[in-house]
Asker: 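Next up is a structure, given as structure tokens.
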2 protein chains.
Amino acid sequence: MPTGRAPEPTVLRLSIYLRCLRQVHAEGLDTISSAGIQERTGITAGQVRKDLSYFGEFGKPGLGYAVEPLLTRLSHIMQLDRPRKVVIVGAGNLGAALAGYQGLRSSIFSLVAAFDNNLSKIGRPLWDVEIKDVRELPRITQEQGVEIGIITTPAEAAQGVAELMAQGGIRSILNFSPTRIVSPQGTTIRNVDLMKELEVICFYLPKP
Amino acid sequence: MPTGRAPEPTVLRLSIYLRCLRQVHAEGLDTISSAGIQERTGITAGQVRKDLSYFGEFGKPGLGYAVEPLLTRLSHIMQLDRPRKVVIVGAGNLGAALAGYQGLRSSIFSLVAAFDNNLSKIGRPLWDVEIKDVRELPRITQEQGVEIGIITTPAEAAQGVAELMAQGGIRSILNFSPTRIVSPQGTTIRNVDLMKELEVICFYLPKP
DNA sequence: GTGAGCTTGTGCTTTCTTTCACAATCTCCA
DNA sequence: TGGAGATTGTGAAAGAAAGCACAAGCTCAC
């Protein structure tokens with residue numbers, strides 16, 4: 001097991017391995033080799049082995065990896081082995097769509113509230129939660145022990161929301177707004193930028 | 001100007017520069033330095049200069065970059081200088097949210113249709129387009145010259161949809177379904193994996 | 001018990017990115 | 001016109017990630 005901590009690209013792939021393992025497990029297989037993972041994920045076998053080796057020795061030579069134990073270990077490493085509460089700020093189209101997402105009603109994630117600053121939305125139901133005033137965010141997230149925040153507001157509001165979240169004890173933020181947020185002290189931010197993806201895809205369109 | 005083509009990380013940043021430049025332009029500035037871009041985007045000035053240098057010499061020493069010309073040049077490089085037609089397949093929550101996205105009704109992108117395979121959805125309106133039978137996709141995209149496809153179906157359907165898209169002449173695909181798609185010959189795929197983002201964010205939660 | 005056959009973990013090599021630093025170039029004001 | 005000040009473009013160095021190849025280890029059939 002290497003000494004330093006895993007590089008970011010490895011962490012991104014961990015989530016892919018996890019999905020693969022869940023599927024393999026559902027299919028009833030007990031064991032899978034790095035070559036088998038390559039076949040299902042497209043990630044080369046060598047890469048798989050190197051990635052996993054950052055966290056320990058999980059495989060048996062000649063046999064491969066035992067699916068269930070590896071699933072358990074990886075879930076633990078990814079900190080997906082206990083429930084996490086999530087809030088969404090910005091009850092527009094995207095916010096509403098994400099709020100309805102089944103992945104936020106799983107054994108791991110649960111959506112506890114949605115927030116907006118638009119008075120005509122506040123108080124209304126959104127799927128199975130109620131839209132609350134964003135000014136209540138710090139109090140509510142603190143009280144409920146919310147750890148993850150999702151931002152789906154317009155760009156102008158994003159920085160302020162991130163700060164409210166930090167104030168409310170949220171440590172990890174997923175930002176869908178098309179702007180850079182300067183991380184409040186102690187928080188991690190990941191950006192998902194739909195417009196960027198759309199533009200980048202154009203770059204790769206065949207040149208005339 | 002370096003000979004080879006730009007590395008992928010550079011292309012991703014190009015889109016960020018573009019957004020920054022649009023904003024700076026809207027503010028009425030004529031000129032911006034790499035340091036100025038760093039201030040607004042967080043990308044280091046040296047990185048900015050190197051990225052841009054892959055495509056030409058756009059700046060003037062002592063002055064910086066002329067905003068409008070650079071905007072034009074970058075738009076051209078990203079192939080964002082002419083309209084692109086887009087279709088969405090999968091009229092669920094996420095598909096519907098994306099279909100309503102203003103960015104798909106801009107001077108560059110226009111949404112021409114949404115598709116689904118669910119009979120109860122086919123024929124219904126979705127914002128300003130109609131939901132059509134996915135089996136009509138190849139014909140319609142071919143006729144209309146659609147270049148970009150967005151997949152928001154469940155995982156099981158994604159591969160088949162990608163193939164229909166390829167058949168309909170689509171060359172670039174944005175895949176939101178939580179699965180790996182094997183690119184049909186001649187198409188580029190970019191994946192946006194929401195569940196993955198959510199899981200990865202957990203990894204970065206402070207360890208207890 | 002033993003050997004054939006897989007498959008892992010990992011050091012080494014190669015490739016890809018980022019950072020650094022500075023000569024060259026341009027502007028602008030006196 | 002000339003010189004101070006700013007800022008670029010880029011080669012060279014450092015750093016990060018991916019690919020490779022193989023010794024070591026495990027299994028299983030006979």
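Quantities reported herein were computed from a predicted structural model and do not represent experimental measurements. Hydrogens, waters and symmetry mates play no part in the numbers below; they use all other heavy atoms, side chains included. Order of the sequence lines fixes the chain letters, A, B, ..., with proteins taken first and strands second; residue numbering starts at 1 for each chain.
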Asker: Not counting sequence neighbours, list each pair that qualifies as a side chain to side chain donor-acceptor pair (under 3.5 Å) and has a residue in residues 195-208 of chain A.
Answerer: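 Residue pairs passing side chain to side chain donor-acceptor pair (under 3.5 Å), neighbours aside: A/E197-B/R190, A/E199-B/S15, A/E199-B/R22.
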
Asker: Can you list everything that forms a salt bridge (Lys or Arg N to Asp or Glu O under 4.0 Å) with B/R49? Sequence neighbours excluded, please.
Answerer: none

Asker: Under 4.0 Å, heavy atom to any atom of DNA chain D: which of residues 62-77 of chain A qualify?
Answerer: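 Heavy-atom cutoff 4.0 Å gives A/G62.
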
Asker: Which donor-acceptor pairs under 3.5 Å do side chains of residues 172-179 of chain B form with protein atoms, sequence neighbours excluded?
Answerer:
{"unit_1": "B/S172", "atom_1": "OG", "unit_2": "A/I201", "atom_2": "O", "d": "3.3"}
{"unit_1": "B/N175", "atom_1": "OD1", "unit_2": "B/S177", "atom_2": "N", "d": "3.0"}
{"unit_1": "B/N175", "atom_1": "OD1", "unit_2": "B/S177", "atom_2": "OG", "d": "2.8"}
{"unit_1": "B/N175", "atom_1": "ND2", "unit_2": "B/S177", "atom_2": "O", "d": "3.4"}
{"unit_1": "B/N175", "atom_1": "ND2", "unit_2": "B/T179", "atom_2": "O", "d": "3.1"}
{"unit_1": "B/N175", "atom_1": "ND2", "unit_2": "B/N191", "atom_2": "OD1", "d": "2.8"}

Asker: Which of residues 20-41 of chain B sit near DNA chain C, with a heavy atom under 4.0 Å from it?
Answerer: none

Asker: In chain order, what residues pass the side-chain contact (heavy atoms from CB on, under 4.5 Å) check against B/A96, with sequence neighbours excluded?
Answerer: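 For B/A96 the side-chain contact (heavy atoms from CB on, under 4.5 Å) partners, ignoring immediate neighbours, are B/L126.
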
Asker: Please encode protein proximity along nucleotides 19-24 of chain D as a string of B, S and -, counting only heavy-atom distances under 4.0 Å.
Answerer: B-B---

Asker: Not counting sequence neighbours, which residues clear side-chain contact (heavy atoms from CB on, under 4.5 Å) with B/E136? List them please.
Answerer: B/D133, B/R139, B/I140

Asker: Could you work out, with side-chain contact (heavy atoms from CB on, under 4.5 Å) as the rule, every residue matching A/R171, not counting sequence neighbours?
Answerer: A/T187, B/L205, B/P206

Asker: Using salt bridge (Lys or Arg N to Asp or Glu O under 4.0 Å) as the criterion, list what pairs up with B/D81, not counting sequence neighbours.
Answerer: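 Checked B/D81 against salt bridge (Lys or Arg N to Asp or Glu O under 4.0 Å); zero matches.
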
Asker: Name all residues meeting the salt bridge (Lys or Arg N to Asp or Glu O under 4.0 Å) criterion together with B/R180; count only those two or more places apart in sequence or in a different chain, and write none if there are none.
Answerer: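 Expected list: none.
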
Asker: For A/E27, enumerate each residue passing the salt bridge (Lys or Arg N to Asp or Glu O under 4.0 Å) test, keeping only those at least two apart in sequence or located in another chain.
Answerer: A/R40

